[in-house]
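Report on the structure given below.
Both counts, for ligands and for their atoms, begin at 1 and track the order of listing.
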Amino acid sequence: MAQQDDVFKKIVSHAKEYGFVFPSSEIYDGLSAVYDYGQNGVELKNNIKRYWWDAMTLLHENIVGIDSAIFMHPTIWKASGHVDAFNDPLIDNRDSKKRYRADVLIEDHIAKIDEKIAKEVAKAAKRFGESFDEAQFRATNARVLELQAKRDAVHQRFSDAMNASDLEGLRQLILDEEIVCPISGTRNWTEVRQFNLMFKTEMGSTADGAMTVYLRPETAQGIFVNYLNVQKTGRMRIPFGIAQIGKAFRNEIVARQFIFRMREFEQMEMQFFVRPGQEMEWFKYWKEWRLRWHKALGMGDEKYRYHDHEKLAHYANAATDIEFQMPFGFKEVEGIHSRTNFDLSQHEKFSGKKIQYFDPELNQSYTPYVIETSIGVDRMFLSVLCSSYEEQPLPNGETRTVLHLPAPLAPVKCAVLPLVRKDGLPELAHKIVDDLKFDFATHYEEKDAIGKRYRRQDAIGTPFCITVDHQSLEDGTVTLRERDSMEQSRVKIADLHALIHDRVSLASLLRKIN
Ligand code: GAP
């Protein structure tokens with residue numbers, strides 16, 4: 001675990017050092033849980049968004065996109081349930097004056113028990129060597145059984161309290177388990193209170209006439225309130241989907257793990273409108289299809305798993321998360337939810353406008369059911385960064401830091417490097433850049449020794465380096481160096497475009513899922 005923490009710290013500092021992610025407002029000491037994307041980060045992020053957008057809208061004839069405003073009529077959030085129920089249970093420590101999410105304190109406590117169990121298992125595995133039978137050890141070892149029973153009991157009380165929104169039950173569990181504040185080390189806790197996660201602001205100039213509006217906590221509602229507009233103007237027939245990418249805001253009490261949990265973040269959401277009664281088959285379709293989208297990136301199939309929800313939101317009849325193995329464990333990156341007709345019905349009720357679909361095949365009108373796929377751009381970014389980062393020992397005893405980014409997502413696709421800054425090599429290199437730049441993000445770099453330039457490109461994940469040397473002037477060939485294998489081959493300048501295109505195009509990625 002400590003080793004994984006170290007790796008994660010290195011990834012965070014690498015992201016800053018190489019212009020991927022900066023703490024927001026850094027010269028003013030930062031703003032908690034808000035981050036800025038740098039010159040390489042914005043390219044990687046845009047490529048992730050493009051991959052999602054094209055997969056949704058190009059590979060599905062019946063999905064179209066929109067871009068709705070962040071500010072929306074405040075009644076929308078009343079209708080959606082966010083004003084009344086988009087809450088986290090919070091608790092304060094009176095000594096440190098620090099605020100925590102009560103559920104996170106308990107989850108962390110459960111994770112510590114899990115760690116103790118894992119340590120016992122690891123110790124035994126070392127002691128018994130090859131003959132170790134983990135399942136048998138877990139089923140018979142007294143210490144492990146004791147810890148497991150404790151864990152199960154805490155977990156049961158925790159989920160009972162959460163399911164019943166029993167705030168006193170959560171507090172009692174924190175007291176009974178003697179959970180202390182990580183800062184003060186004391187158990188001087190306040191009551192547990194509900195805390196609404198939406199940011200509020202005022203719209204309008206005078207204090208009297210100003211209206212309270214919210215920064216949207218999800219992009220989905222912008223889709224629901226535009227359902228009729230899109231269905232009618234696009235003459236869409238059910239089943240069809242509406243996709244949107246945009247910012248969302250949540251006043252998270254516990255914001256941590258870098259860009260995993262932010263107060264301002266970005267979502268890529270798609271609402272798929274279906275005939276009532278057909279939602280389960282579409283839920284299954286989208287669950288499988290979204291996992292295929294993830295796996296096509298080639299970051300390792302074993303790094304993904306589904307987490308089906310046992311406790312469903314009151315409007316959902318099925319929900320699952322796609323989790324990715326981050327350095328701090330398997331974590332939710334995407335949610336797939338069967339939302340029934342809850343949202344459209346609520347907007348019909350609160351707006352007084354009829355939101356129905358006339359199904360010509362059935363010759364009847366109904367409120368469509370909805371399957372939602374919702375993925376955080378920043379979490380996706382983090383999973384790509386974490387799985388790509390490697391400190392690779394080299395045969396010569398040195399270590400290189402390399403980002404094995406999926407090539408179509410890389411911020412820079414190829415770097416053109418003249419071996420020396422004279423003899424006409426820079427001119428030829430510039431000419432190659434001028435040929436390639438219309439199709440690929442291409443960098444020109446002439447400073448420092450060639451080995452150092454390769455390392456810099458490895459560190460930002462550039463799949464190809466093209467080196468121009470004296471031979472290039474004579475026979476029109478260059479050296480093409482591949483990032484992951486570091487293999488170099490002599491190729492014709494005229495062949496560069498095709499060689500690079502094959503590996504870096506988004507189309508090649510999209511073909512893998514179709
Ligand atoms: N419309 C449904 C919805 O918003 P959600 O599970 O609350 O569902 C969907 O959020 C996705 O948005 C999550 O799977 C996660 O990737 C991302 N997300 C949610 N809260 C986030 C936060 N505070 N920081 C970064 N990403 C977040």
Atom indices of ligand 1 within 4.0 angstrom of Glu252 heavy atoms, with elements: 22 (C), 23 (N)
Salt bridge flag under 4.0 Å for residues Arg193 and Asp92: yes
Gln221 contact mode with ligand 1 (heavy-atom cut-off under 4.0 Å): neither
Pair Glu334 + Arg379: basic N to acidic O under 4.0 Å: no
Atom 7 (O) of ligand 1 - nearest protein heavy atom and its distance: Arg250 NH1, 2.9 Å
Stacked cation flag Lys303 on Phe324, 6.0 angstrom / 45 deg: no
Contact partition for Glu334 relative to ligand 1, non-hydrogen atoms under 4.0 Å: backbone
Protein contact to atom 15 (C) of ligand 1 [nearest heavy atom, distance to 0.1 Å]: Arg379 NH1, 3.5 Å
Shortest non-hydrogen contact from Glu218 toward Gln221: OE2-NE2, 2.8 Å
Nitrogen or oxygen atoms of Val333 and ligand 1 under 3.5 Å apart: yes
Residues in side chain to side chain contact (heavy atoms under 4.5 Å, CB included) contact with Lys116, at least two apart in sequence or another chain: Arg143, Leu147
Atoms of ligand 1 close to Phe260 [distance to a heavy atom under 4.0 angstrom, numbered from 1]: 24 (N), 25 (C), 26 (N)
Stacked cation flag Arg275 on Tyr369, 6.0 angstrom / 45 deg: no
Donor-acceptor contact below 3.5 Å, side chain Asn93 vs main chain Ser184: no
Under 4.0 Å to a heavy atom of Arg339 - the qualifying atoms of ligand 1, by number: 1 (N), 2 (C)
Ligand 1 to Ala220 polar contact by distance, N or O atoms, under 3.5 Å: no
Test of ring centre spacing under 6.0 Å for Phe265 and Phe249: no
Atoms of ligand 1, numbered as shown, that sit under 4.0 Å from any heavy atom of Glu269: 1 (N), 2 (C), 3 (C), 4 (O)
Enumerated ligand 1 atoms positioned under 4.0 Å from heavy atoms of Glu372: 1 (N), 2 (C)
Residue and atom name of the nearest protein heavy atom (relative to atom 17 (C) of ligand 1), distance in Å to one decimal: Gly376 CA, 3.7 Å
Ion pair check, Glu348 and Lys354, cut-off under 4.0 Å: no
Short N or O distance, Glu332 and ligand 1, threshold 3.5 Å exclusive: yes
Any N or O of Glu218 closer than 3.5 Å to N or O of ligand 1: yes
Location of contacts on Thr219 toward ligand 1, heavy atoms closer than 4.0 Å: neither
